[in-house]
Enquirer: 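First, the structure itself, so that you have it in front of you.
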Amino acid sequence: MSRSPSLPERPRLELDPDMTPDERLEALREHFKEIVQVNEQLTEQLDAARDRQHGLTDEVDQLERENETLKTSSLYIATAEELTDDGVVVKQHGNNQEVLTEVSPSIRDGLEAGDRVAINDSFGVKQILDPETDARAQAMQVDGSPDVSYEDIGGLEEQIREVREAVEEPLINADQFREVGIEPPSGVLLHGPPGTGKTMLAKAVANETDATFIKMAGSELVRKFIGEGARLVRDLFELAAEREPAIIFIDEIDAIAAKRTESKTSGDAEVQRTMMQLLSEMDGFDERGEIRIIAATNRFDMLDRAILRPGRFDRLIEVPNPDVEGRERILEIHTQEMNLDDDVDLGAFAAETDGLSGAELASLATEAGMFAIRDGRTTVQQSDLHDALAKIEADDDASSVPVAFA
Ligand SMILES: Nc1ncnc2c1ncn2[C@@H]1O[C@H](COP(=O)(O)OP(=O)(O)OP(=O)(O)O)[C@@H](O)[C@H]1O
């Protein structure tokens, strides 16, 4: 680290009592010049110090961010096998590696052999998992009666028809399928850009069939609780069997069913195990009764084709961004509770929102309401919609700026 230059000496004024008034004046002038010079030097040093301070603040910010990332990085699941005087023997799930590790006294106090624990990269025990906080509870979201209906979904008439045929009919008219002697599609895969209503479709069909909606995010399965993926998939199907009729919804399926890469890291092996478990659950699906499975992805191109074989996700439904009529309908849905001025023409406005997803249109409606409130009004005008659109587009532009320049 470079050392800061030392501060300049404070100038001294030396006046001799024998000096003539002219000499005294000259000495004072000299002294004044020296003070001005020192002042300039100090100002320069202060500026340099400020620059340095800014640089260091940036560095501190970055380190804090890194620290946060490290703190929130993935934990692995293990079982505390044995408590000994030297530490705790933990067995990591997934690869069954056993390690003797140290544990802080506060965690040790509450730990018993057989407990499931979360460990970090260096096998340090970070927390004890109780049944409520364990991976199963965190990775699955169970909703006995989701409150989305088909009328809440705009612009996806064809997709709704297909989902009803592939998921709803087999649940409601199982006998008819049996009598005709055909197998209903095993799994339905919804694919398309983010925020287009894929989750809504799955919830609506669960609502319509009075089925329990069980959602699991593929990314949670493999990123957050490494070593648990395969077991969670097993749990997922077990839970669905307990709660049938049930709709299993696996969001971001690409996280567990991506094409195999060349690299053979342990992460890949974990993803692979999770996917194999999913495929084997689906292959043994016939005996499962009233359970339908829907998956969704924004990255269809990345999927391993093995999951699309007959008997697996054999019904593909594309859910694209809405066209102009779809956008108008979505705007109608999301403004139906709002107090709209007579000048509002949603049809004309929809034509200006090309490329926006359903989720973006939903937040646009709320944003327009915010503009009206800011302006002290209780009705939303066409101009609020335009302001909201400009804001959303500006936010979009800002978020697409490369990180280094953001
Ligand atoms: N077609 C639509 N009709 C009405 N609202 C929609 C539609 N699409 C999206 N939305 C709104 O956007 C929100 C998010 O939609 P949803 O979660 O269904 O999208 P998704 O396709 O599953 O997104 P992701 O791929 O990011 O998970 C919904 O709660 C709803 O408010």
Side-chain angles (χ1 to χ4, degrees), residues 139-143 145-164 167 187-208 213-224 247-258 292-303 313 315-338 340 346-347 349-350 353-370 385 388-389 392 395-396 399-400:
M140 288 183 210
Q141 179 197 322
V142 182
D143 191 343
S145 52
D147 55 3
V148 178
S149 71
Y150 295 127
E151 289 78 56
D152 299 327
I153 307 177
L156 297 177
E157 289 75 23
E158 181 53 26
Q159 286 80 355
I160 291 175
R161 195 192 59 70
E162 285 192 61
V163 168
R164 296 188 77 161
V167 186
V188 170
L189 179 73
L190 307 174
H191 62 100
T196 44
K198 299 184 286 301
T199 309
M200 288 185 94
L201 269 171
K203 279 191 175 170
V205 78
N207 177 2
E208 204 67 26
F213 178 77
I214 307 174
K215 175 180 167 180
M216 183 177 258
S219 57
E220 286 275 305
L221 270 180
V222 289
R223 271 180 230 140
K224 198 156 164 75
I247 305 272
I248 294 179
F249 180 63
I250 304 180
D251 203 6
E252 302 170 66
I253 188 143
D254 43 280
I256 51 169
R292 313 304 319 162
I293 169 159
I294 304 179
T297 180
N298 305 329
R299 299 298 316 271
F300 185 67
D301 55 311
M302 272 180 51
L303 290 186
F313 290 99
R315 180 65 75 95
L316 306 181
I317 301 178
E318 189 183 357
V319 187
N321 272 331
D323 61 11
V324 64
E325 279 115 47
R327 295 198 298 275
E328 180 177 354
R329 179 72 199 118
I330 294 172
L331 284 168
E332 270 167 22
I333 291 170
H334 288 283
T335 55
Q336 67 196 0
E337 304 286 320
M338 286 167 56
L340 296 185
L346 293 178
F349 183 67
T353 55
D354 190 22
L356 255 52
S357 67
E360 284 168 323
L361 290 165
S363 55
L364 189 149
T366 311
E367 199 59 58
M370 295 301 296
L385 291 168
L389 178 61
I392 283 185
D395 289 351
D396 244 20
S399 63
S400 61

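Fair warning: this is a prediction, and the values are worked out from it, not measured in the lab. For ligands, and for the atoms within them, numbers begin at 1 and follow the listed sequence.
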Enquirer: Considering only the protein, which heavy-atom contact is closest to atom 10 (N) of ligand 1, and what is its distance?
Expert: Gly358 C, 3.6 Å

Enquirer: Does some side-chain heavy atom of Leu356 sit less than 4.5 Å from a side-chain heavy atom of Asn321?
Expert: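 Contact flag for Asn321/Leu356 side chains = no.
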
Enquirer: Please report which non-hydrogen protein atom sits nearest to atom 14 (C) of ligand 1, along with the residue it belongs to and the distance in Å to one decimal place.
Expert: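 Minimum-distance protein heavy atom for atom 14 (C) of ligand 1 reads Ala359 CB, 4.1 Å.
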
Enquirer: The test is side chain to side chain contact (heavy atoms under 4.5 Å, CB included); show your working for Leu201 and Ile160 and say whether it passes.
Expert: CA-CA 7 Å; Leu201 269 171; Ile160 291 175; 3.7 Å; yes

Enquirer: Would you mind running through ligand 1 and noting each atom that sits below 4.0 Å from a heavy atom of Ile153?
Expert: 1 (N), 3 (N)

Enquirer: Return the residue, atom name and 0.1 Å-rounded distance of the protein heavy atom closest to atom 22 (O) of ligand 1.
Expert: Thr199 OG1, 2.6 Å

Enquirer: Is it the case that the side chain of Glu367 and the backbone of Leu389 share a donor-acceptor pair, with hydrogens and angles ignored and the cut-off at 3.5 Å?
Expert: no

Enquirer: Below 4.0 Å, non-hydrogen atoms only: which portion of Ile330 touches ligand 1? Side chain, backbone, both or neither.
Expert: side chain

Enquirer: Specify the protein heavy atom at minimum distance from atom 1 (N) of ligand 1: its residue, its atom name, and the distance to 0.1 Å.
Expert: Gly154 O, 3.0 Å

Enquirer: Among protein heavy atoms, which lies nearest atom 27 (O) of ligand 1, and at what distance?
Expert: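 Result for atom 27 (O) of ligand 1: Asp251 OD2, 3.5 Å.
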
Enquirer: Considering only protein heavy atoms, which is closest to atom 31 (O) of ligand 1, and at what distance to one decimal place?
Expert: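 Among all protein heavy atoms, the one nearest atom 31 (O) of ligand 1 is His334 CE1, 3.2 Å.
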
Enquirer: Among protein heavy atoms, which sits nearest to atom 30 (C) of ligand 1, and what does the distance come to when rounded to 0.1 Å?
Expert: Met200 SD, 3.7 Å

Enquirer: With a 4.0 Å cut-off on heavy atoms, is Gly195 touching ligand 1?
Expert: yes

Enquirer: When you measure from the heavy atoms of Asp152 to every atom of ligand 1, does any distance fall below 4.0 Å?
Expert: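 Yes, Asp152 has heavy atoms under 4.0 Å from ligand 1.
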
Enquirer: Please examine the side chains of His334 and Leu361, heavy atoms only from C-beta on, and report whether any two atoms are closer than 4.5 Å.
Expert: no

Enquirer: Mind checking whether Glu252 has a heavy atom under 4.0 Å from ligand 1?
Expert: no

